[in-house]
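Quick caveat, the model's predicted, so the values are computed rather than measured. Atoms within a ligand are numbered from 1 in the order they appear, just like the ligands themselves. Side chains are part of it too, since the values below use all heavy atoms of this structure and drop only hydrogens, waters and symmetry mates.
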Amino acid sequence: MPDIIQLLPDNIANQIAAGEVIQRPASAVKELLENAVDASATEIKLIVTDAGKNLVQVVDNGKGMSETDARMAFERHATSKISNIEDLFKIKTMGFRGEALASIAAVAQVELKTRKTDEELGTCIEIENSIVKSQEPCATAAGTNICMKNLFFNVPARRNFLKSNAAELRHIVDEFIRVAMAFPHIFFSLTSNGQQVFHLEAGSLKHRILQILGTAYSAKLVNVREETDYMNIYGFVGKPDTAKKTRGDQYFFVNSRYIKSAYLNHAVMNAFDEMIAKDSFPMYVLFIDLDPSQVDINVHPTKQEIKFEDEKIVYAFVQAAVKHALAQFSIAPSLDFSLNADIQQMEAISKPANEDRLQSIASSNLFKTFTQKNQAHKIEGTNRSELKHWKDFYEPSSLELPSDLGSVTETGKLEQELEYSGYSLLKQGPQIRLLPDATLVQLHNTYIITPTSEGFLLIHQQQAHERILYERYIEAANGKQMPAQHSLFPSTIELNATDSVLMEELLPDLKVLGYLIEPFGNNTFVVQGTPADILQGNEKMVIELLLEQYKHFTSDIKFSKREKLVRCVAKQQAIKTGKAMAQKEMMVLKEELFRCQVPNVTPNGSPTYLEFKGDYLERMFGRQ
Ligand code: ADP
Ligand code: MG
């Protein structure tokens, strides 16, 4: 039998690769516009005919390419933007994968004219199906002029797959707007079938928004701006009365790159909260800038989806910034403070609270505005006194803010507020009045139902217990060591080399949590004791599992070793769903849960219970 594997010819390989990057004319528009931006152009013109099926042309006045570069640009993985793997973590340009031009040249006929400013003659290249047809010197304007003709001329199946001109043009306009919005200091124009559709003079962001989204927004934009060492946010949101029934005027840019993020969208929606109708969509154009090493833009070929190193911080930051902006324009006329600096100078924050001060705080206007709904930072009462939470707001407890938040925390109080709010404050449940002696009902060995004064709570047994254990262990970690129970027959665990290094590191913290483990040489450890409240007998499994879970956590840089460990142990030791619970056990669980500092969420923010209020129930039954 002859061997059957062979390498694909370049043009076929490129065609296959092109499928990821170039799906339709609009994808080429995006790539070519971004290349022009990366080339530092100050004027970028986009010309399309037949919704780009026939022609997509981008003319820029950027830095142009040399003769060799012009040829190289069409090679796959050819880029001037990164040269080693470290560069991937500091990307400041729109492109970096070096795939766009190669892909376009694989599925269309391309003509490129380019000249560097300091050169007299430019270069002209024709290429189709990845094959260079001609390359010669030519006279051309400084910058780059690239034409993509007859997209998919050589892949009829994909050409047939394109939608109507109207639909494809809409996609093009979307991509055009996303780039133009992100770079208001660059002139952009779009001409379709000889007609100019957009002519966007360079100017401010506000100006650009009005040019693109319409002057109806002109007195309706609220400025958003917050800066910290970790990240900055700026841009505009529409006043609540401009919210529309259709999603649309909503733009997020991370380091100038348009992204789609349901998660961040949710953060903004949350900030608008009750200011707009449930089924309407506020306008926003928001730019988030942060260290490129904190985002992974390489998770998607067209880079519209990204991953944040720490999503929760970004979420809380966006939400707080928008809330703050909205609060300033009208909701709280009497409350005009800056989220950043001023607030920390306030006596209430810089000095520890005592009874007297708490009293005066409680009667002050500031406190009242804080406790009203829809303020910049909404704080709803819980079963604990509001006063306490007011204070917590500024002095996040060690529970929610592990001490080694490091650089993040040092940048100021804002992150602390955010961090804290992300986990609990903004999720704080409403006032709950439990009936202490009520009989509890367990459902599906998972939920516990308990009445409140007018409705009921559905407690999730596992998540609730996780919260309880978490707080208990944190207390232990802060000095109140957990009682351990010595094993009658100490078991030994043998680990691989990496795990045993990890284990060595964790021993002191494990001890605090009641795990008495000693190194025995040769990657072996002896378990002398375990926390008094866990069943004896399966120590070995428990500890191995713990190590596994801990390893999953290690990418979470913002948590200290101890915090991670505590979270793992809490998760692991929590009563699981599927376990039948006796009345007494459920009582204890309920009581302990509501004795917690933050009873309503697990350490990573999932709810521990859902509340069904009386009026809600009445409404469900059509009685209100
Ligand atoms: P990437 O943008 O990921 O680097 P591309 O295939 O889009 O990959 O472009 C390849 C290279 O060609 C770029 O790195 C850049 O050096 C050069 N290039 C492309 N378009 C332009 C342009 N309009 N002006 C100047 N150089 C360009
Ligand atoms: Mg590119």
Novice: Report yes if Ala102 has an N/O atom closer than 3.5 Å to an N/O atom of ligand 1; otherwise report no.
Specialist: no

Novice: Does some non-hydrogen atom of Glu31 fall short of 4.0 Å from ligand 1?
Specialist: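 No; Glu31 lies far enough from ligand 1 that no heavy-atom distance drops under 4.0 Å.
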
Novice: Among all protein heavy atoms, pick the one closest to atom 4 (O) of ligand 1 and tell me residue, atom and distance.
Specialist: Thr79 OG1, 2.5 Å

Novice: Under 4.0 Å, heavy-atom basis, I'd like to know which part of Thr144 is in contact with ligand 1: side chain, backbone, both or neither.
Specialist: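 It is the side chain that gets close, since no backbone atom is under 4.0 Å.
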
Novice: List the closest protein heavy-atom neighbour of atom 12 (O) of ligand 1: residue, atom name, distance to the nearest 0.1 Å.
Specialist: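 Ranking protein heavy atoms by distance from atom 12 (O) of ligand 1, first comes Ala73 CB, 3.4 Å.
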
Novice: Under 4.0 Å from any heavy atom of Phe96, which atoms of ligand 1 are there?
Specialist: 1 (P), 3 (O)

Novice: Do me a favour and list the nearest non-hydrogen protein atom to atom 17 (C) of ligand 1 with residue, atom name and distance?
Specialist: Met65 SD, 3.7 Å

Novice: Within the 3.5 Å criterion, strictly below it, is a donor on Glu227 or Asn232 matched to an acceptor on the partner's side chain?
Specialist: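 No.
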
Novice: Would you check if the Mg ion (ligand 2) lies under 2.8 Å from any N, O or S atom of Thr79?
Specialist: no

Novice: Any side-chain donor-acceptor pair under 3.5 Å between Asn54 and Thr49?
Specialist: yes

Novice: Nearest heavy-atom pair of Asp289 and Asn255: which atoms, and what distance?
Specialist: CA-OD1, 3.2 Å

Novice: Under the criterion ring pair (Phe, Tyr, Trp, His ring centres under 6.0 Å), which of Phe252, Phe236, Tyr234, Tyr217 is the partner of Tyr284?
Specialist: Phe252

Novice: Between Met72, Glu99, Lys81, flag the one that comes closest to atom 2 (O) of ligand 1 by a heavy atom.
Specialist: Lys81

Novice: Do Glu99 and His77 have side-chain atoms, one donor and one acceptor, less than 3.5 Å apart?
Specialist: no

Novice: In terms of side-chain heavy atoms, does Glu175 have a donor or acceptor partner in Tyr258 at a distance below 3.5 Å?
Specialist: no

Novice: Quick one: does ligand 1 sit under 4.0 Å from the side chain of Asp60, the backbone, both or neither, non-hydrogen atoms only?
Specialist: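 Near ligand 1, Asp60 shows its side chain, while the N, CA, C and O stay back.
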
Novice: Compute whether any side-chain donor of one residue and acceptor of the other, for Glu201 and His199, lie under 3.5 angstrom apart.
Specialist: yes

Novice: From the options Val110, Leu112, Leu32, select the one residue that forms a side-chain contact (heavy atoms from CB on, under 4.5 Å) with Leu101.
Specialist: Leu32

Novice: Angle class for the His185/Phe183 ring planes (parallel below 30°, perpendicular above 60°, tilted otherwise)?
Specialist: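 It falls in the perpendicular class, over 60°.
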
Novice: Which heavy atom of the protein is the closest neighbour of atom 15 (C) of ligand 1, given with residue, atom name and distance?
Specialist: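 I find the closest protein heavy atom is Ser80 OG, 3.4 Å.
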
Novice: Distance alone, cut at 3.5 Å: any donor-acceptor contact between the side chains of Asn165 and Asp50?
Specialist: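 Short answer, yes.
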
Novice: Return the residue, atom name and 0.1 Å-rounded distance of the protein heavy atom closest to atom 6 (O) of ligand 1.
Specialist: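 Protein heavy atom at minimum distance: Leu101 N, 2.9 Å.
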
Novice: Under 4.0 Å from ligand 1, counting heavy atoms only, is it the side chain of Ala39, its backbone, both or neither?
Specialist: side chain

Novice: Of all the heavy atoms in Ala78, does at least one lie under 4.0 Å from an atom in ligand 1?
Specialist: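 In this structure, Ala78 qualifies as a contact of ligand 1 - some heavy atom is under 4.0 Å.
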
Novice: Out of all atoms in ligand 1, which are within 4.0 Å of some heavy atom of Ala100? Include the element for each.
Specialist: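 With Ala100 as reference, the close atoms of ligand 1 come out as 6 (O), 7 (O).
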
Novice: Counting each atom of ligand 1 from 1 as listed, which ones have a heavy atom of Arg97 under 4.0 Å away?
Specialist: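 Answer for ligand 1: 3 (O).
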
Novice: Against heavy atoms of Gly95, which atoms of ligand 1 measure under 4.0 Å?
Specialist: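 By the 4.0 Å cutoff, the relevant atoms are 2 (O), 3 (O).
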
Novice: From the options Gly98, Ala105, Gly62, select the one whose nearest heavy atom is closest to atom 8 (O) of ligand 1.
Specialist: Gly98

Novice: Can you name the closest pair of heavy atoms from Arg115 and Ala142 and give their distance?
Specialist: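 That would be NH2-N, 3.4 Å.
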
Novice: May I ask you to check if ligand 1 and Asn35 share an N or O to N or O distance below 3.5 Å?
Specialist: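 Yes, since at least one N or O of Asn35 sits under 3.5 Å from an N or O of ligand 1.
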
Novice: Can a donor-acceptor pair be found between the side chains of Asn145 and Thr140 at a distance below 3.5 Å?
Specialist: no

